[in-house]
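Position 1 is the first residue of the sequence; numbering continues from there.
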Amino acid sequence: GEKPGLVRVSAGSRHWWFAPDAEGRLEPMEHVGALKGILERDRAALSASHLEEARDRVLEVLREEEEREAQYREERERRQLLVLHERARHLLARAAACWAGDSGFPIPPDEAVAGVRRLGYPWAPLLKLAGRPEESVVEMEMRSVSGAGGRKLELLKAEAQELLNRLARAQQGAVGSGQVVSEARSTELDVQVYTWAR
């Protein structure tokens, strides 16, 4: 027949121990000292439902951990995306200032940004992904640029291409991260039973 005992559920190198109390409710064993108490007190016999409950509890713990990790990853990716957007908008402001600097006469910030967009790749797609820089930032950059804007703009192009690639990858990752597939359900669990005579 059924005997009192312990259930050990393992997932890789991690282990959880459970035992039914005198009324048959499954209790987790939080520390080694609890094992001694199991041998000294009356315990209900272990049943198949105890094994299933122990397994389900461990799956729930693993699922919760997985959700926390996914939330942490999503938050980290979101912050990285915000930083990339900010860097790209600042670069676009510098590029607009360089473009305007070559004209020889004052150009409003919004026209300078439009001029950079008309240059095509990588500026137009970067503008589409990152959004328009603030006019005040473009104005500040215009004050710091003096002459040879076209040459400076050409030097900024490689950075723009690199930022465009990083932004595109980050946004692709952010779209895909909402589709987290639960690994907890597919985790291989090892359920062991340890029994003794009453």
(message) Quick one, L62 and L189 - any side-chain contact, counting heavy atoms below 4.5 Å?
(response)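 Answer yes - side chains close enough.
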Distance, nearest 0.5 Å, that separates [atom1] of [X] from [atom2] of [Y]:
X: E23; Y: E27; atom1: CD; atom2: CD; result: 9.0 Å
X: L156; Y: R151; atom1: CG; atom2: CZ; result: 11.0 Å
X: F18; Y: R25; atom1: CZ; atom2: CZ; result: 15.5 Å
X: E53; Y: S47; atom1: CD; atom2: OG; result: 9.0 Å
X: R79; Y: E74; atom1: CZ; atom2: CD; result: 12.0 Å
X: H15; Y: S10; atom1: NE2; atom2: OG; result: 4.5 Å

With a 3.5 Å cut-off and sequence neighbours excluded, list the donor-acceptor pairs that the side chains of residues 81-94 form with protein atoms.
| from | atom 1 | to | atom 2 | distance (Å) |
| --- | --- | --- | --- | --- |
| H85 | ND1 | L81 | O | 3.0 |
| H85 | NE2 | L129 | O | 3.0 |
| H85 | NE2 | Q171 | NE2 | 3.1 |
| E86 | OE1 | R89 | NH2 | 3.0 |
| R89 | NH1 | A130 | O | 2.8 |
| H90 | NE2 | E141 | OE2 | 3.0 |

(request) Just do the side chain to side chain contact (heavy atoms under 4.5 Å, CB included) check on R8 and D190 with the steps written out, would you? (result) CA-CA 8 Å; R8 183 184 80 180; D190 179 38; 4.0 Å; yes
(message) Please say yes or no: joined through hydrophobic side-chain contacts below 4.5 Å, possibly via intermediate residues, are L26 and L51 part of one cluster?
(response)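 Looking at the clustering, L51 is in the same group as L26.
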(request) State, to 0.1 Å, how close L46 and G5 come at their nearest heavy-atom pair, and which atoms those are. (result)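 For L46 and G5, the tightest heavy-atom pair comes out as CD1-C, 3.5 Å.
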(request) Can you see which heavy atom on A97 is nearest to which on M142, and at what distance? (result)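 The pair with the smallest heavy-atom distance is CB-N, 3.5 Å.
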Enumerate, atom names and distances included, each donor-acceptor pair closer than 3.5 Å involving a side-chain atom of residues 104-125, sequence neighbours excluded.
none

(request) Without swapping roles, check the side chain of R68 against the backbone of R63 for a donor-acceptor pair under 3.5 Å. (result)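 Such a contact is absent between R68 side chain and R63 backbone.
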(request) Indicate yes or no: does E65 engage R14 in a salt bridge with an N to O separation below 4.0 Å. (result)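 Result for this pair is yes, salt bridge flagged.
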(message) Would you say that more than 12 heavy atoms from the other residues, nucleotides or ligands in this model lie under 6.0 Å from the CD of E134, or not?
(response)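 No.
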(message) Restricting to ring pair (Phe, Tyr, Trp, His ring centres under 6.0 Å), what partner residues turn up for W17, sequence neighbours left out?
(response)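 W17 satisfies ring pair (Phe, Tyr, Trp, His ring centres under 6.0 Å) with Y194 only.
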